[in-house]
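So that the names make sense, note that chain A is the first sequence line, chain B the second, and so on, each numbered from 1.
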2 protein chains.
Amino acid sequence: MRVLVVEDERRMAAALQRGLQAEGFAVDLAHDGEQGLHEARHGEYDVVVLDIMLPRLSGYNVCKQLRAEENWVPILMLSAKDGEYDMADGLDLGADDYLTKPFSYVVLVARLRALLRRDSGRRPAVLGAGDLSLDPARRRVLRGETAIELTPREFALLEFLMRRRDEVVSKAEILEHVWDTFDTDPNVVEVYVGYLRRKIDGPFGRNALQTVRGAGYRLAGDGG
Amino acid sequence: MRVLVVEDERRMAAALQRGLQAEGFAVDLAHDGEQGLHEARHGEYDVVVLDIMLPRLSGYNVCKQLRAEENWVPILMLSAKDGEYDMADGLDLGADDYLTKPFSYVVLVARLRALLRRDSGRRPAVLGAGDLSLDPARRRVLRGETAIELTPREFALLEFLMRRRDEVVSKAEILEHVWDTFDTDPNVVEVYVGYLRRKIDGPFGRNALQTVRGAGYRLAGDGG
DNA sequence: CCTCCTCCTGAGACCTCGCTGAGAAGGCTG
DNA sequence: CAGCCTTCTCAGCGAGGTCTCAGGAGGAGG
């Protein structure tokens, strides 16, 4: 899941970046309104966290501009408590949610998750593929009744594949969303696909995670 | 435990915040009905204290709206003595308890604790996990028959984990709910988990409080 | 059948995360 | 003020997780 954080205050931006990355998000930063608008337009983000008080172009205007361009990426606005802007205005302009500073970090994460859930047509809380199931909130994976232990990286990879089950996803795409880089050796994806297979395919070789030569990987919707 | 206080009168709001914080609650404020509704919807509160007389949207309507949305967070209503609304109306609308102003601060805390204890009537007064039990009201912890002495911080941590037993909770979440901060060094959580383990795992090493590397901690429902 | 290329995998280096003991700081009690 | 308790910080360590590398299997194309 890719998040764009538009925030001029460096310390706050860095703290958000670290925190969200720890939660498994891929985080990009923009430090003023113009840069933020540019990134939001061209990057493919699942959600944007947008401060209101920004140099060059206020978050208020960034939001207005994006909506005017028919860009409906979910936006969560941040405002200072005594801000000159009323938060209700923010919602009127097309923001999906707002938080007042100082806000709690866990609340931010919870609301981001809520936005992501809402946006994609009320995704079920638990992802499934055949008798394979993954619960992002509880961070749990089951094959039938038995739990499967995954490392953080393995979990992020499986979650990404399950969200796009039956689709072929390229290694570049996987690197971008799960590793948050694009110039890394794609071999690391192969290695982790290998790890995952050993864990999710169970004793008698299913084939949940298929290789599509020259194109990428596909997670079979029936779980193999 | 997180509390949302919706109260427009600044002095009263500030007093409640200070007082409840001293009791170990994490307190957020909202100053009008709309803001309160918004916060209650999106924040993850364990209980909401809701004044009836509010600008923009009455507490009465906030409560009605929340219940209409299937949001069952425990609500304690506050009303002025001569209010136009009857408390019975409040309870009809789905509030869980009410207090008439002027109320005694001690009574307020007691009722909040009561609400948390029953958690809208679905949870027992005493939290349990195997032969581990914790009584929030009496501030007492037992492993089987033998009492365990905990410091306030240790107790708060264990209570939080027991309320969410079997779930994986991140260090950030723990910091948020038990320490009421989010940019603190997470090491303090590790240290306190260590303290707790030494006290609750007993002489021959159970494993009630499990580490989920890269994700957080889980309190096993069977007590280890 | 041979060659090229993609993908798989075991080994191992490296680094991060979580645990722990030591102890400083602050508050409360006697 | 001394002694005790609680909270929190810090630094070192060990285990576990991540990633790189190189060799090999096997499909695709000639």
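Checking C:dG10, D:dC19, D:dT6 against every side-chain atom of A:Arg198, the shortest atom distance belongs to C:dG10. Distances were taken from every side-chain heavy atom of A:Val191 (C-beta onward) to each of D:dC21, D:dC8, D:dT7; the shortest belongs to D:dC21. Minimum atom distance to the side chain of B:Lys171 is reached by C:dG18, of the listed C:dG10, C:dG18, D:dT18. In the set D:dA15, C:dC5, D:dT18, the nucleotide with an atom closest to the side chain of A:Arg213 is C:dC5.
Two residues are said to be in side-chain contact when any heavy atoms from C-beta on lie closer than 4.5 Å; B:Leu157 and B:Arg153 fail this criterion. Looking at A:Val6 and A:Asp51, their side chains never come closer than 4.5 Å, going by heavy atoms from C-beta outward.
We find that B:Arg206 and B:Asp131 are joined by a salt bridge, their nearest charged nitrogen and carboxylate oxygen being less than 4.0 Å apart.
Interface remark: the A:Asn187 side chain does form a donor-acceptor pair with the D:dC21 base, using a distance-only criterion of under 3.5 Å. A donor N or O paired with an acceptor N or O is not found under 3.5 Å between the base of C:dC19 and the side-chain atoms of B:Tyr195.
Rounded to whole Å, the distance from CG on A:Asp185 to P on C:dC7 is 12 Å. B:Glu149 has its CD atom 18 Å from the P atom of D:dC4, to the nearest Å. At whole-Å resolution of the value, OH in B:Tyr217 and C1' in C:dC17 are 9 Å apart. Counting to the nearest Å, the C1' atom of D:dC5 and the CZ atom of B:Phe155 are 18 Å from each other. Summarising the geometry, the separation between CG on B:Leu196 and P on D:dT6 is reported as 13 Å, rounded to the nearest angstrom. Distance CD (B:Gln210) to C1' (C:dG18): 15 Å, rounded to an integer number of Å. The nearest whole Å value for the distance from the CD atom in A:Glu190 to the P atom in D:dG27 is 16 Å. Rounded to an integer number of Å, the gap from A:Asp183 CG to D:dT20 C1' is 15 Å.
In this structure, A:Trp179 reaches the D:dC19 phosphate: one of its side-chain N or O atoms is under 4.0 Å from OP1 or OP2. Of the side-chain N and O atoms in A:Thr211, one or more sit less than 4.0 angstrom from OP1 or OP2 of C:dC8. Taking only side-chain nitrogens and oxygens, B:Thr151 comes nearer than 4.0 Å to OP1 or OP2 of D:dT7. The shortest distance between the side-chain N/O atoms of B:Arg153 and the OP1/OP2 oxygens of D:dC8 is below 4.0 Å.
No more than 12 heavy atoms of other residues, nucleotides or ligands shown are found within 6.0 angstrom of CD on A:Glu149.
Evaluated for a side chain to side chain contact (heavy atoms under 4.5 Å, CB included) with B:Leu209, the options B:Leu196, B:Leu132, B:Asp201 yield exactly one hit, B:Leu196.
Nearest-nucleotide mapping onto DNA chain C: of A:Ala215 and B:Gly214, the residue sitting toward the 5' end is A:Ala215.
Across all strands shown, B:Pro186 has no heavy atoms under 4.0 Å from either base or sugar-phosphate atoms.
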